[in-house]
Amino acid sequence: MSEPEVGIIDQVVTQEYKYGFTTDIEMETAPMGLSEDTVRFISAKKNEPEWMLAWRLKAYHHWLSMEEPNWQNFNYPKINYQEIIFYAAPKQKIQLDSLDQVDPELLKTFEKLGISLQEQKRLTGVAVDAVFDSVSIATTFKEQLKEKGVIFCSISEAMHDYPELVKKYIGSVVPQTDNYFAALNSAVFSDGSFVYIPKGVRCPMELSTYFRINAENTGQFERTLIIADDDSYVSYLEGCTAPMRDEHQLHAAVVELVAHNNAEIKYSTVQNWYPGDKDGKGGIYNFVTKRGICEGAHAKISWTQVETGSAITWKYPSCILKGDHSTGEFFSVAVTNNAQIADTGTKMIHIGKNTKSRIVSKGISAGKSHNSYRGLVKINKKADGARNYTQCDSMLIGDKCGAHTFPYIEVNNNSATLEHEASTSKIGEDQIFYCAQRGIGLEEAISLIVNGFCKEVLNQLPMEFAVEAQKLLAVSLEGSVG
Amino acid sequence: MISITNLQASIEGKSILNGINLDIKPGEVHAIMGPNGAGKSTLSSVLAGRSDYEITGGKVEFLGKDLLELSPEDRAREGLFLAFQYPVEIPGVSSTNFLKTAINEKRKYHGLEPMEATDFLKFMRSKMEEMEMDKSLTSRSLNEGFSGGEKKRNEVFQMAMLEPKLCIMDETDSGLDIDALRLVSAGVNKLRNKERSFLVITHYQRLLDYIVPDYVHVLYKGRIVKSGDASLAKELEVKGYDWIKQEVEAAV
Ligand SMILES: Nc1ncnc2c1ncn2[C@@H]1O[C@H](COP(=O)(O)OP(=O)(O)O)[C@@H](O)[C@H]1O
Ligand SMILES: [Mg+2]
């Protein structure tokens with residue numbers, strides 16, 4: 001396998017979190033805290049249409065009436081929403097015609113992260129939307145995509161350029177009132193990516209968004225909306241990093257996917273937010289709502305996630321299988337080390353006839369971390385012939401960590417077929433000694449064993465990112481044994 | 001090649017090796033035989049560097065180096081290979097990937113660049129032909145779902161790939177039927193040469209019909225109690241281990 005020229009996640013070989021640097025750049029921020037004024041401020045900054053503001057305000061007022069959830073398998077200190085900055089953007093012109101107008105400091109930042117926005121150095125075959133704190137900095141390959149009718153831009157741009165599409169689909173999969181963090185996001189989201197693939201088009205390249213939190217005391221609330229019209233196909237990947245900071249930072253994103261008749265959306269995540277230090281100081285709270293709907297018959301949505309970062313990862317990328325014969329897939333690797341926590345899984349809601357879903361979850365826990373799989377498979381009354389296959393494997397490294405599985409099943413149709421397999425294993429002394437006897441040292445052995453354990457999931461990633469994801473796994477587990 | 005002097009080792013306070021003396025020169029094939037529980041596997045584990053055992057005395061010199069000072073991986077990189085009695089399974093890791101990692105780790109240790117992917121594949125293909133290995137074995141997950149025979153053949157294939165200087169084989173014949181035994185032995189015989197030494201551990205003489213040793217030693221209660229040439233193995237085949245046990249008890 002040859003190395004990609006420029007990777008989404010640069011060559012990761014050191015033990016320290018490599019992306020912990022900060023960028024010194026002039027920022028414009030909203031006043032700290034959250035009120036109706038904050039929502040209005042953000043909407044005004046983005047020059048939004050009136051309907052968008054109304055939509056946000058509805059979300060905000062609903063959020064005020066909600067309670068923070070507490071059913072999860074972990075605790076975290078109460079978040080003080082009055083101590084968060086909800087909007088931070090580099091001071092620069094809103095509309096950029098060319099990269100020459102982008103602050104060189106910003107370009108350098110992305111360059112350092114292994115993402116080049118410069119024409120000549122671009123990752124071939126991948127179009128990138130780079131989001132820095134609250135705003136999208138640049139989207140590459142826009143013109144080539146446009147020729148095919150593919151829309152790939154920031155969601156702020158989409159509101160202006162494609163208001164009908166945004167209006168129709170935003171909140172259609174994750175309503176403003178869906179849950180506490182989704183409501184919060186709906187009120188204050190600052191940017192994110194928008195993708196529309198027209199009928200019959202196979203998107204000619206991978207689309208990718210790279211998120212970077214930089215500013216202090218800020219939260220990141222991006223919103224991604226992807227629509228695949230009839231008979232279309234798109235593969236989309238998100239990556240993310242943040243500086244090392246002593247305080248926790250909140251990341252509450254919303255992702256909505258809509259797949260029409262016979263369309264396919266493949267959504268991959270390589271999540272590498274700052275995990276905090278060994279003792280759990282600092283790190284990102286990654287509380288995200290991701291949901292896709294297979295609206296049409298024979299549609300397919302596939303979530304692949306490699307979760308290595310964040311102090312707490314709390315999310316359940318889900319599929320609503322509404323169209324007959326539609327398919328939902330969830331492939332997940334969640335790695336926790338030191339004091340990290342992950343409570344992640346999926347929901348597969350079978351509504352249409354002969355709908356199929358497949359869940360493959362691989363949890364790896366090391367240090368004193370806790371890793372939970374939580375999943376729901378729901379078969380509705382009319383979902384004749386629905387099928388689900390769930391496989392949940394946990395791997396433990398050391399004896400101070402924990403792995404937990406919470407598989408929920410709700411079956412309301414007798415013709416459904418559900419299969420569930422689960423396993424828990426330990427990286428054995430025997431495996432490590434066997435590797436050592438062949439000249440393979442401890443870190444390398446763990447990387448080999450862990451990558452083997454996750455192979456089914458890693459195989460789902462686009463080639464360019466599989467290599468990076470493998471390295472990331474190795475790095476997040478460094479120092480976990482011995 | 002290797003020089004073992006008065007080696008003593010224990011596990012959980014129980015003494016298992018009670019003073020082993022053994023000298024193997026380049027190109028020699030030594031067989032160690034002995035009843036169950038004699039300490040054969042312990043000897044191979046101690047030489048390979050398994051940390052469960054405590055070395056309570058003696059020394060081992062391997063190619064001029066103090067073997068017991070080296071980490072298990074460095075022993076391997078210096079050219080010591082152990083064919084395991086029970087090779088472990090590593091799910092999801094192909095033999096190809098495993099061997100590439102092993103070879104490159106060894107190269108790194110010796111200050112060499114990693115092998116190019118295409119060179120590696122070429123090298124592996126030639127070794128597979130030489131060892132008459134089935135293609136499917138190298139793409140499957142390492143040892144996962146392999147039959148007993150396949151596991152042992154795979155150990156010998158790894159030996160061929162890693163080109164060690166000293167090969168220790170722990171009961172490679174156990175659990176093999178006669179056809180598998182032939183195949184495995186044929187593989188080992190191909191790897192014999194003037195420089196490479198072998199320490200073949202076995203409970204049965206059968207294997208030594210195919211891999212003919214230069215010397216045979218009998219291990220009993222953690223000591224080498226008798227040494228001879230290949231004919232000693234034949235004698236054991238006929239007489240069993242009891243007469244040796246009696247000899248030892250009588251001498252005490
Ligand atoms: N992990 C262990 N804990 C306690 N005793 C052990 C352990 N491994 C081996 N032994 C003991 O050491 C002795 C030698 O075992 P072993 O080296 O496996 O013998 P062999 O390979 O010759 O059959 C036996 O009495 C065995 O019970
Ligand atoms: Mg044994």
Side-chain angles (χ1 to χ4, degrees), chain A residues 1-4 11 13 306 331 333 360-364 391 393-397 421 423-461 463 466-467 469-471 473-474 481-482, chain B residues 44-45 47-53 70-110 116-118 140-144 151 154-155 158-159 161-164 167-168 170:
Chain A
M1 219 183 276
S2 68
E3 295 284 316
Q11 297 251 345
V13 278
V306 176
F331 297 96
V333 171
V360 179
S361 160
K362 305 275 182 177
I364 300 157
Q391 184 190 337
D393 298 322
S394 309
M395 182 176 262
L396 301 171
I397 304 176
E421 283 179 38
S423 77
T424 302
S425 57
K426 264 192 137 163
I427 288 197
E429 293 286 318
D430 285 353
Q431 286 175 322
I432 290 187
F433 182 67
Y434 189 81
C435 291
Q437 212 307 301
R438 299 301 184 249
I440 302 170
L442 184 64
E443 302 284 357
E444 200 65 32
I446 288 176
S447 159
L448 203 63
I449 295 165
V450 164
N451 277 304
F453 175 71
C454 302
K455 192 169 147 193
E456 273 171 282
V457 174
L458 298 177
N459 281 348
Q460 299 293 326
L461 286 176
M463 245 282 272
V467 181
Q470 277 183 22
K471 284 186 199 142
L473 286 182
V481 171
Chain B
S44 65
S45 296
L47 292 178
R50 206 179 189 106
S51 60
D52 310 350
Y53 300 91
L70 297 175
S71 67
E73 53 269 33
D74 284 350
R75 296 180 195 195
R77 294 161 184 165
E78 288 286 348
L80 185 143
F81 183 98
L82 170 62
F84 285 77
Q85 182 170 2
Y86 305 106
V88 303
E89 302 184 354
I90 307 186
V93 177
S94 66
S95 282
T96 308
N97 192 10
F98 181 76
L99 284 167
K100 198 170 102 198
T101 308
I103 284 182
N104 284 334
E105 286 266 287
K106 180 175 170 183
R107 291 177 65 92
K108 191 160 81 186
Y109 176 79
H110 291 288
E116 290 285 333
T118 48
R140 279 161 61 185
S141 283
L142 191 65
N143 290 326
E144 202 184 23
K151 281 185 185 169
N154 198 42
E155 292 289 288
Q158 290 186 14
M159 198 191 276
M161 287 291 289
L162 293 168
E163 304 180 309
C167 306
I168 304 171
D170 189 8

Next item on the list: Examine whether an atom of B:Leu99 lies under 4.5 Å from a heavy atom of chain A, and if so say whether it belongs to the side chain, the backbone or both; otherwise answer neither.
Entry: neither
Next item on the list: Kindly check if the number of other-residue, nucleotide or ligand heavy atoms within 6.0 Å of OH (B:Tyr109) is above 12?
Entry: yes
Go through [options] and name the one with the most non-hydrogen pairs under 4.5 angstrom from chain A.
options                             : result
B:Pro164, B:Pro91, B:Ser51, B:Ser94 : B:Pro91
B:Asn97, B:Val93, B:Leu162          : B:Val93
B:Glu105, B:Arg75, B:Lys106         : B:Glu105

Checklist line | Under 4.5 Å from a heavy atom of chain B, the part of A:Phe453 involved | finding: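 The answer is the backbone of A:Phe453.
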So do [Y] and [X] actually touch side chain to side chain, heavy atoms under 4.5 Å?
X        : Y        : value
A:Asp430 : B:Arg50  : yes
A:Ile449 : B:Ile90  : yes
B:Tyr86  : A:Tyr434 : no

Check whether [X] reaches the backbone of [Y] with its side chain - one donor and one acceptor, N or O, closer than 3.5 Å.
X        : Y        : value
A:Gln437 : B:Ala76  : no
B:Glu73  : A:Ile440 : no
B:Arg77  : A:Arg438 : no
A:Gln431 : B:Glu89  : yes

Note to self: Please give me the minimum heavy-atom distance between B:Pro72 and A:Phe433, naming the atom from each residue.
What the structure shows: CB-CE1, 4.2 Å
